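Following: one structure in structure tokens, then a few remarks.
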Protein chains: 2
Amino acid sequence: MLIHQQKDIPTLIKDTGLVETRRRQIVQAAVDLFIQKGFHKTTTREIAGRANFSIGTLYEYIQSKEDILYLVCEFIHSEMEKQVKEAIKPADTGRDTLKNAIDRYLRVCDLMQDHILLIYRETASLPGDSISYVLRNESRITGMFEDILTRGKDDGTLKLRHHRGITLIAHNITVLGHMWTFRRWFLKKAFTLDEYIELQTSLVLNELSSHNGDGPP
Amino acid sequence: MLIHQQKDIPTLIKDTGLVETRRRQIVQAAVDLFIQKGFHKTTTREIAGRANFSIGTLYEYIQSKEDILYLVCEFIHSEMEKQVKEAIKPADTGRDTLKNAIDRYLRVCDLMQDHILLIYRETASLPGDSISYVLRNESRITGMFEDILTRGKDDGTLKLRHHRGITLIAHNITVLGHMWTFRRWFLKKAFTLDEYIELQTSLVLNELSSHNGDGPP
DNA sequence: CCTCGTTGATTGAGCGCTCGTTCATAACGA
DNA sequence: TCGTTATGAACGAGCGCTCAATCAACGAGG
């Protein structure tokens with residue numbers, strides 16, 4: 001029985017405020033450890049220790065170790081979404097909004113490198129039924145780019161050569177951010193973050209400014 | 001002490017042919033299980049069992065469970081490289097070669113979906129010093145695209161707007177393939193493999209046909 | 001002001017079990 | 001028979017999780 005499936009608290013603790021606090025502490029401790037050593041190599045005792053209470057207490061606020069992973073994934077996604085959302089103040093044109101959004105999104109990805117990697121590594125360790133729940137969070141970010149692209153298409157500042165292009169390009173942009181994190185060993189040798197942003201933005205915008213097809217010269 | 005760091009065999013077995021055979025069996029069994037249950041949740045006994053010998057025998061041909069992971073990663077990368085390489089018969093122009101290469105590469109990625117995911121998930125579980133070794137394998141595939149792009153640039157069939165573009169676009173193409181695997185839950189809802197290939201190829205080639213910068217209309 | 005029972009929260013030793021690894025022994029082949 | 005290879009019971013470290021015991025805070029009763 002997983003946390004997101006039940007409405008009430010899985011413990012005997014009465015003070016719901018405490019539950020929130022403790023779970024925050026658990027997540028905070030777990031994120032650090034999972035990034036450092038991975039989910040499987042981190043012990044529940046370590047998590048409790050870093051959160052400054054005992055394993056007994058830990059298990060008052062969760063039901064299984066996998067619950068912690070679920071809480072962590074949820075936290076990371078909501079943190080990502082929050083940061084990206086507050087970074088995107090819609091500019092006047094869809095095109096400018098997109099430029100803006102890509103810039104801020106890639107910077108957020110840079111800041112949250114380790115968290116993004118964590119998601120990639122450990123999502124598979126979630127119990128089957130939570131996975132789809134976590135994936136839904138993921139797709140909200142892609143959705144944001146889809147919205148921006150649609151706006152640009154409608155106000156005429158972005159041109160699409162293919163009618164299915166919006167979905168695809170939105171995914172491509174999302175992955176651009178992840179790519180910066182999981183290929184950092186290569187990419188940081190060749191580019192600074194600023195260069196990376198500039199170049200990738202240029203590629204995306206060039207596509208969205210295309211005047212014709214791709215006939216060879 | 002890991003396998004790739006030592007020249008000789010980590011066991012007492014004398015017949016080197018047998019070592020190769022057994023290791024092939026181990027890898028074959030492990031790949032299946034790792035894909036299914038992940039590295040940590042797969043036991044050495046299961047691997048031995050599926051390879052049709054006992055744990056004792058297993059440990060005659062490896063020194064630790066992590067050795068198996070290393071062998072598996074190496075196998076997957078070499079398999080990928082082999083398949084991609086044999087799929088790319090250089091056409092007359094760099095541009096046609098690229099088209100060809102993207103097509104075949106994406107199809108290989110589709111066939112090896114689970115293997116690619118496995119690499120993403122478990123590379124981090126490798127002991128620190130083997131990681132860089134495994135990453136080097138990864139970068140050979142990107143290197144192939146760099147070569148093709150360079151050829152196209154030289155023979156004039158591909159145009160680059162930025163002098164650093166080759167590296168970046170090569171990485172982008174490589175990731176396009178991975179993206180098809182780790183976002184398949186989203187992408188396969190919207191596109192067939194053929195559509196995906198066609199659209200992404202079109203995006204890449206459009207960029208490489210650009211006649212001017214990205215000035216807004 | 002003190003006492004003591006109650007209640008919610010915390011503790012950590014300990015349970016049951018799994019897993020990676022080893023090694024004495026058996027089986028095999030020449 | 002002797003060298004090589006295979007076996008699987010045994011080992012012991014370590015893990016997730018439980019629960020009887022403990023603690024701290026508080027308020028009613030004397």
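Numbers restart at 1 for each chain; the letters A, B, ... are given by sequence-line order, proteins then strands. Note that this is a predicted model, so its numbers are computed, not measured. All values below come from the heavy atoms of this structure, side chains included, with hydrogens, waters and symmetry mates left out.
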Distance check needed: dT7(D) C1' versus Leu58(B) CG, whole Å only.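 After rounding, the gap between these two atoms is 13 Å.
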In whole Å, I'd like the distance from the CD1 atom of Ile62(B) to the C1' atom of dA6(D).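 After rounding, the reported distance stands at 15 Å.
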Between Lys65(A) and Phe39(A), is NZ or CZ placed under 6.0 angstrom from the six-membered ring centre and within 45° of the ring axis? yes
What residues in residues 44-53 of chain B put a non-hydrogen atom under 4.0 Å from any atom of DNA chain D?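 Listed by number, they are Arg45(B), Phe53(B).
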Between residues 35-43 of chain A and DNA chain D, which residues have a heavy-atom gap below 4.0 Å?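 Contacts with DNA chain D under 4.0 Å: Thr42(A), Thr43(A).
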Can you name the ring pair (Phe, Tyr, Trp, His ring centres under 6.0 Å) partners of His171(B), sequence neighbours left out?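 Phe186(A).
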Under the ring pair (Phe, Tyr, Trp, His ring centres under 6.0 Å) rule, collect the residues that match up with Tyr196(A), sequence neighbours excluded.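 Tyr196(A): ring pair (Phe, Tyr, Trp, His ring centres under 6.0 Å) contacts with Trp180(A).
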Heavy atoms from C-beta onward define the side chain here; which of dC17(D), dT10(C), dG8(D) lies closest to that of Tyr61(A)?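 Ranking dC17(D), dT10(C), dG8(D) by closest atom to the Tyr61(A) side chain puts dT10(C) first.
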From the list dT21(C), dT10(C), dG8(D), which nucleotide is the closest neighbour of the side chain of Ser54(B)?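 Nearest nucleotide to the side chain: dG8(D).
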Would Gln36(A) and Asp114(A) count as a side chain to side chain donor-acceptor pair (under 3.5 Å) here? Give the steps. CA-CA 9 Å; Gln36(A) 221 179 80; Asp114(A) 297 326; over 6 Å; no
Please enumerate all protein N or O atoms sitting under 3.5 Å from an N or O of nucleotides 22-25 of chain C, with distances to 0.1 Å.
none

Kindly give the heavy-atom pair with the smallest separation between [X] and [Y], and that separation in Å.
X	Y	result
Asp96(B)	Ala91(B)	CB-CB, 3.7 Å
Arg151(A)	Pro90(A)	NH1-CB, 3.5 Å
Leu208(B)	Leu160(B)	CD2-CD2, 4.0 Å

Determine whether Arg45(A) and Ser54(A) satisfy the following criterion, side chain to side chain donor-acceptor pair (under 3.5 Å), listing intermediate values before the conclusion. CA-CA 7 Å; Arg45(A) 268 171 259 259; Ser54(A) 67; over 6 Å; no
Ignoring backbone atoms, test whether Arg22(A) places a side-chain nitrogen or oxygen under 4.0 Å from the OP1 or OP2 oxygen of dA9(C).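 Arg22(A) to dA9(C) OP1/OP2: no side-chain N or O under 4.0 Å.
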Is it true that atom CD of Glu195(A) has more than 12 heavy atoms of other residues, nucleotides or ligands lying nearer than 6.0 Å?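 Enclosed: over 12 neighbouring heavy atoms sit under 6.0 Å from CD of Glu195(A).
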Within the supplied structure, the quantity of interest is the number of heavy atoms (other residues, nucleotides, ligands) at a distance under 6.0 Å from Glu79(B) CD; does it exceed 12?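 Counting other residues, nucleotides and ligands, CD of Glu79(B) exceeds 12 neighbours.
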Stretch residues 27-34 of chain B: residues that reach within less than 4.0 Å of DNA chain C through a heavy atom: none
So Phe145(B) and Tyr105(B), would you call those rings parallel, tilted or perpendicular, with 30° and 60° as cut-offs?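 Perpendicular: the ring planes of Phe145(B) and Tyr105(B) meet at over 60°.
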Going by distance alone, is a donor N or O of one side chain under 3.5 Å from an acceptor N or O of the other, for Thr123(B) and Arg121(A)? no
Do any N or O atoms from the side chain of Thr174(A) and from the backbone of Ala170(A) form a donor-acceptor pair under 3.5 angstrom?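 A pair under 3.5 Å: yes.
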